[in-house]
2 protein chains.
Amino acid sequence: MNRESDSKRGVKSDETLFALIELLRERDGAGVTELARAAGVAKSTVHGHLTSMRDHGFVVKRGQTYHLGLQFFDYGQYVRGRLDIFRAGMFAADRLERETGEMSWLITHQGGKAMYVYGRGGENDIDVNKLLGTWAHMHCNSGGKAILAHLPEDEVNRIVDTHGLPARTDDTITDRDELNEELARIREQGYALNQSEDLAGIHAIGVPLRFEGEVQGALSVAGPAHRLSKERCEGEILDRLRAATNEIDVSLAYR
Amino acid sequence: MNRESDSKRGVKSDETLFALIELLRERDGAGVTELARAAGVAKSTVHGHLTSMRDHGFVVKRGQTYHLGLQFFDYGQYVRGRLDIFRAGMFAADRLERETGEMSWLITHQGGKAMYVYGRGGENDIDVNKLLGTWAHMHCNSGGKAILAHLPEDEVNRIVDTHGLPARTDDTITDRDELNEELARIREQGYALNQSEDLAGIHAIGVPLRFEGEVQGALSVAGPAHRLSKERCEGEILDRLRAATNEIDVSLAYR
DNA sequence: CCCTTTGTTCGGTGACATCGAACGCGCTCC
DNA sequence: GGAGCGCGTTCGATGTCACCGAACAAAGGG
């Protein structure tokens with residue numbers, strides 16, 4: 001009723017399960033009654049799903065309220081660990097951070113969005129853990145743009161159709177044609193810049209990580225605008241990024 | 001049919017969903033037919049669940065085979081980020097690793113098992129990422145024993161009933177009475193030692209992290225036996241652990 | 001101590017999860 | 001190159017079980 005698209009050939013019961021999971025996250029844990037009201041289902045239904053999840057560690061009960069369980073962390077670590085990009089790029093990202101003193105990021109994409117897969121701190125690790133494992137739009141950050149630039153044209157179109165080009169700052173690219181020009185430029189020069197297009201005052205530069213003709217992800221360096229001038233990005237940092245990419249390519253080829 | 005305990009009041013459809021998820025992990029991705037055979041359900045059933053999961057990013061399709069998706073990593077990072085222990089203990093673990101040059105671990109427990117929530121490398125980060133986010137029995141590592149020692153007696157019994165005391169090495173405590181003696185000792189001296197009880201040649205020392213009268217987790221230092229002698233553990237390292245614990249306690253109190 | 005609100009249990013019932021057969025495709029192997 | 005196997009996917013028919021709502025049991029709060 002609330003979701004208009006029931007046309008899909010999925011399992012409805014799973015749909016409510018996932019809704020409950022998302023609700024538990026949004027609210028940082030919740031009770032049965034609260035969940036039932038929010039999801040629009042009976043209390044007993046919610047209770048049933050929670051019981052199943054509890055048996056598998058996806059949910060824990062503290063007092064009267066249910067919370068998402070560490071089983072998610074378990075599976076999450078597994079999924080990340082399976083990514084070639086992650087295994088081949090970790091060390092490169094570490095070194096990049098040491099050499100530049102700025103944040104370094106390993107990024108990949110799934111379902112038309114980019115995810116921060118691995119990051120190293122620069123000044124403080126707090127920000128890293130805030131972003132780590134979160135989804136981002138691909139049009140407004142260096143890594144995402146670097147990936148988009150090397151994706152088939154129809155896939156780029158599909159992604160833009162699905163997720164749009166929301167403005168994060170005044171400098172975000174929100175026009176389709178403008179994005180295509182930018183992607184062509186990135187393809188040509190081999191790297192993508194982000195000048196306050198995602199967060200005001202944050203600049204970044206990213207390069208694509210390709211393997212077997214496909215973009216697997218991107219490697220990027222980000223930091224405050226006053227330190228990451230266009231000149232520094234396209235000079236020192238780009239050189240280091242190129243070296244790191246090369247190292248990762250080799251590592252991917254011989255994995 | 002394969003599972004004998006259908007007595008639980010859960011949702012059967014969720015049960016097969018979780019079975020599929022686990023199968024996808026065990027096999028590092030699989031096709032519909034393979035999953036259907038392994039789970040003992042119809043292909044169309046599998047396909048339905050996969051479609052639902054795909055819509056929510058829990059699964060991705062590469063070619064003809066399905067793999068677990070990065071949505072798990074997203075939720076996983078969220079769950080860890082909500083742990084008080086993690087937010088309050090990260091920095092302490094970092095410093096501990098720098099000061100001792102050994103691996104440091106932040107551990108917590110759920111459902112009677114311990115999980116490695118945060119770790120820093122010591123010599124190599126590879127091992128850290130192997131263990132990070134995995135479950136462990138609580139009776140055979142320092143952090144787990146430190147937690148057990150400060151849990152109510154009936155809960156300890158329930159845990160042992162559920163998970164048993166499997167022998168990981170020749171030195172693993174496999175006897176219930178012996179475990180209880182050990183736990184009493186730990187309670188008295190305030191720290192737990194692990195001398196090759198989990199992995200041969202690996203020693204460790206752990207202290208409990210308590211807050212509001214409850215054990216929230218444990219902090220531990222681990223490394224090769226030849227460097228982590230009983231004397232060093234109970235001397236220098238214990239001192240540093242105590243300092244770190246104190247810092248975490250303060251951080252927890254004022255969170 | 002009542003009275004509200006919570007989590008939990010319990011049958012009854014119709015929606016829907018499940019099944020099996022059929023389809024279309026890509027592959028291999030004669 | 002076409003016959004045949006295997007795959008993922010679709011489609012109805014069916015009977016199971018996910019769902020509901022009411023009743024129950026604890027747990028606070030006034």
Side-chain angles (χ1 to χ4, degrees), chain A residues 1-24 27-56 58-69 111 212, chain B residues 1-24 27-56 58-69 111 152 154 212-214:
Chain A
M1 204 195 259
N2 39 1
R3 290 280 172 218
E4 81 290 355
S5 62
D6 291 339
S7 56
K8 285 277 187 177
R9 276 254 138 234
V11 178
K12 205 178 169 193
S13 166
D14 292 351
E15 221 65 35
T16 63
L17 179 72
F18 296 143
L20 293 178
I21 292 172
E22 184 53 32
L23 282 168
L24 281 173
R27 296 164 187 238
D28 288 333
V32 176
T33 312
E34 184 183 350
L35 288 171
R37 238 194 301 269
V41 293
K43 282 198 296 178
S44 52
T45 302
V46 172
H47 187 262
H49 283 293
L50 289 175
T51 305
S52 291
M53 294 182 74
R54 197 142 86 105
D55 289 345
H56 293 264
F58 288 110
V59 142
V60 287
K61 198 170 127 185
R62 279 203 289 274
Q64 291 275 64
T65 62
Y66 290 86
H67 299 259
L68 292 184
E212 285 173 347
Chain B
M1 204 193 260
N2 39 3
R3 288 280 172 219
E4 83 291 355
S5 63
D6 292 340
S7 56
K8 285 277 186 176
R9 276 256 138 231
V11 178
K12 204 178 170 194
S13 165
D14 291 351
E15 222 64 34
T16 65
L17 179 71
F18 296 143
L20 293 178
I21 292 172
E22 184 53 31
L23 282 169
L24 281 174
R27 296 164 187 238
D28 289 333
V32 175
T33 312
E34 184 183 351
L35 288 171
R37 240 193 301 266
V41 293
K43 283 198 294 179
S44 50
T45 303
V46 171
H47 187 260
H49 284 293
L50 289 175
T51 304
S52 293
M53 295 182 76
R54 196 142 86 105
D55 290 345
H56 293 264
F58 288 110
V59 142
V60 287
K61 199 171 126 184
R62 280 203 289 275
Q64 291 275 64
T65 61
Y66 289 85
H67 299 259
L68 293 183
D154 59 333
E212 286 172 348
E214 299 224 332

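Just so it is clear, the model here is predicted, and its values are computed rather than measured. All heavy atoms count here, side chains included; hydrogens, waters and symmetry mates do not. In the text below, chain A, chain B and the rest are named by the order of the sequence lines, each starting its count at 1.
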Qualifying residues under side-chain contact (heavy atoms from CB on, under 4.5 Å), relative to A:Thr45, sequence neighbours excluded: A:Val41, A:Ala42, A:His49

Partner set under side-chain contact (heavy atoms from CB on, under 4.5 Å) for A:Ala19, not counting sequence neighbours: none

Sugar-phosphate or base contact per nucleotide [nucleotides 15-30 of chain D; S, B, -; heavy atom under 4.0 Å]: --SSSBB---------

Pair B:Arg37-B:Thr33, side chain to side chain contact (heavy atoms under 4.5 Å, CB included): steps then yes or no: CA-CA 6 Å; B:Arg37 240 193 301 266; B:Thr33 312; 3.6 Å; yes

Looking at [X] and [Y], what are the two nearest heavy atoms and their distance?
X	Y	value
B:Leu24	B:Ala30	CD2-N, 3.6 Å
B:Val32	B:Lys43	CG1-O, 3.6 Å
B:Gly48	A:Val11	C-CG2, 3.6 Å

Salt bridge (Lys or Arg N to Asp or Glu O under 4.0 Å) against B:Arg27, all qualifying residues, sequence neighbours excluded: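 For B:Arg27 the salt bridge (Lys or Arg N to Asp or Glu O under 4.0 Å) partners, ignoring immediate neighbours, are B:Glu34.
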
Establish, with yes or no, whether the OP1 or OP2 oxygen of [N] is under 4.0 angstrom from a side-chain nitrogen or oxygen of [X].
X	N	value
A:Arg37	C:dT5	no
B:His47	D:dT9	yes
B:Lys61	D:dT9	yes

In residues 60-68 of chain B, what donor-acceptor pairs under 3.5 Å come from side-chain atoms, sequence neighbours left out?
unit_1, atom_1, unit_2, atom_2, d
B:Thr65, OG1, B:Arg62, O, 3.2
B:Thr65, OG1, B:His67, NE2, 3.2
B:His67, ND1, B:Asp28, O, 3.4

Among C:dG7, D:dT9, C:dT8, the one nearest B:Tyr66 by side-chain distance: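 Among C:dG7, D:dT9, C:dT8, the one nearest the side chain of B:Tyr66 is D:dT9.
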
Separation of atom CD in A:Glu15 from atom C1' in C:dA17, rounded to whole Å: 14 Å

Bend angle of the helix from C:dC2-D:dG29 to C:dC30-D:dG1, from helix axes over five pairs at each end, nearest 10°: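 Between the first-five-pair axis and the last-five-pair axis there is 40°.
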
